[in-house]
Amino acid sequence: MVYGTDFLSRPSAAAGYLLNLNTGPLLPNRADFDAARSPAFWYAIDRSVAHRTGLSLSGRPAREVIAAPEHRDLLAAIRASVREHSDGEGHLADNRVLNGCRSVVFCRTGRWMAKRGAAREVALAEEDFRPLVEAAVRSFERPRSSAVPLPAAAVRTFLTWVQERVDQTARESGA
């Protein structure tokens, strides 16, 4: 991602990038200059993660350079992410579950965690979802081209539960 410094210095819920470059192994190569064509929630979440945990390779610390989205905008972005994962189109089931875990942990703690760490926290706290979350971690550790299918009904139930946690956090914070 390439952003302009003026954009990064202010909180925003917009995608706002100048260049979105993707050369990942399972996604089509992409060089996109039109932020208006992309769902903004991915980028708002990414900037929140970068603001809170990003490491600077050179120059000022990421926290000083990248403004986090406003809390209400971030919760709206997380809600949109969970809806996107609930639809399931274009997402591996393990990634859908693990991003759900990250959303729940963020709502509970205000901290972003790596997928495996968030999964560990949810599995320990939510016994009913432990088998699904552990299966998602095992699948995620495989090459992406050989991810293990997860039970669709269990994934839907889990993501409905995640959506309820996010909605509750939004209500409690007035977002």
Side-chain angles (χ1 to χ4, degrees), residues 1-85 90-92 94-125 133 136-137 140-141 143-144 159 162-163 165-170 172-175:
M1 302 305 306
V2 176
Y3 292 99
T5 55
D6 288 345
F7 178 81
L8 275 184
S9 67
R10 293 184 306 274
S12 177
Y17 58 79
L18 299 174
L19 171 62
N20 178 8
L21 183 63
N22 189 327
T23 60
L26 288 183
L27 298 172
N29 287 341
R30 177 179 177 172
D32 186 10
F33 299 95
D34 186 2
R37 295 184 328 157
S38 298
F41 65 86
W42 295 121
Y43 307 95
I45 292 170
D46 286 349
R47 288 192 309 277
S48 174
V49 172
H51 172 80
R52 292 169 186 260
T53 64
L55 300 175
S56 179
L57 299 178
S58 176
R60 297 183 1 232
R63 194 179 226 7
E64 292 177 15
V65 177
I66 302 168
E70 299 290 340
H71 189 67
R72 73 177 180 285
D73 291 336
L74 181 55
L75 288 174
I78 293 169
R79 283 172 141 165
S81 170
V82 174
R83 277 192 307 275
E84 170 90 6
H85 285 311
H91 302 285
L92 295 173
D94 57 7
N95 200 47
R96 295 164 57 209
V97 169
L98 298 180
N99 277 333
C101 291
R102 291 183 81 199
S103 295
V104 168
V105 170
F106 179 82
C107 287
R108 288 180 174 171
T109 67
R111 294 179 297 120
W112 287 112
M113 292 186 75
K115 290 176 183 176
R116 288 180 186 95
R120 191 171 30 258
E121 295 230 351
V122 170
L124 288 172
V133 170
V137 170
F140 187 72
E141 291 172 345
R144 299 293 61 212
L159 290 172
V162 170
Q163 186 73 53
R165 304 289 76 74
V166 176
D167 289 345
Q168 177 184 354
T169 300
E172 290 172 356
S173 68

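Just the heavy atoms: all of them, side chains too, but no hydrogens, waters or symmetry mates, feed the values below. Being a predicted model, the structure only gives us computed values, none of them experimental. Numbering starts at 1 and runs along the sequence shown.
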By side-chain contact (heavy atoms from CB on, under 4.5 Å) - contacts of Ser81 (at least two apart)
Phe41, Trp42, Ile45, His85

Pairwise distance OG(Ser48) to CG(Asp73) - rounded to 0.5 angstrom:
11.0 Å

For the residue pair Ala14 and Phe7, what are the closest heavy atoms and their distance?
O-CZ, 3.7 Å

Is a side-chain donor or acceptor of Ser173 paired with a backbone partner of Ala170 at a separation under 3.5 angstrom?
yes

Go through the steps to decide whether Lys115 and Val137 satisfy the test side-chain contact (heavy atoms from CB on, under 4.5 Å), and finish with yes or no.
CA-CA 8 Å; Lys115 290 176 183 176; Val137 170; over 6 Å; no

With sequence neighbours excluded, residues passing side-chain contact (heavy atoms from CB on, under 4.5 Å) with Ala118:
Cys101, Arg102, Val105, Met113

Hey, does Ser38 have a side-chain heavy atom less than 4.5 Å from the side chain of Asp32?
yes

Let me confirm one number: the CZ-CD1 distance from Arg83 to Ile78, rounded to the nearest 0.5 Å.
12.0 Å

Sorted by chain and residue number, the salt bridge (Lys or Arg N to Asp or Glu O under 4.0 Å) partners of Arg165 (sequence neighbours excluded) come out as none

Between atom NE2 of His51 and atom CG of Leu74, what is the distance when rounded to the nearest 0.5 Å?
10.5 Å

dist Leu8:CG -> Glu64:CD (nearest 0.5 Å) comes out at 13.5 Å

For Gln163, which residues count as a side chain to side chain donor-acceptor pair (under 3.5 Å) partner, sequence neighbours excluded?
Asp167

Tell me the closest heavy-atom pair linking Thr23 and Asn29, and the distance in Å.
CA-OD1, 3.4 Å

Got a second to check how far Asn99's CG is from Phe106's CZ, nearest 0.5 Å?
14.0 Å

Restricting to non-hydrogen atoms, name the atom on Ala62 and the atom on Ser56 that form the minimum distance, rounded to 0.1 Å.
N-CB, 4.1 Å

Within 6.0 Å of CZ in Arg79, more than 12 heavy atoms from elsewhere
yes

Show the nearest heavy-atom pair for residues Ala44 and Ala77, with the distance to one decimal.
CB-CB, 4.1 Å

Once salt bridge (Lys or Arg N to Asp or Glu O under 4.0 Å) is applied, do any residues pair with Arg116, and if so which ones, sequence neighbours excluded?
Glu141

Between Val2 and Tyr17, is there a side-chain heavy-atom distance shorter than 4.5 Å?
no

Would you mind reporting whether Tyr3 and Ile66 have side-chain heavy atoms less than 4.5 Å apart?
no

Counterpart residues, side chain to side chain donor-acceptor pair (under 3.5 Å), relative to Glu70 (two or more places apart)
none

Does Leu55 have more than 12 heavy atoms from other residues, nucleotides or ligands lying within 6.0 Å of its CG?
no

Over all atoms of both residues, closest heavy-atom pair of Ala125 and Arg108:
CB-NH1, 3.7 Å

Can you name the nearest heavy-atom pair linking Trp112 to Thr53, along with the distance?
O-CG2, 4.4 Å

Can you tell me how far the OG atom of Ser12 sits from the CZ atom of Arg47, to the nearest 0.5 Å?
5.5 Å

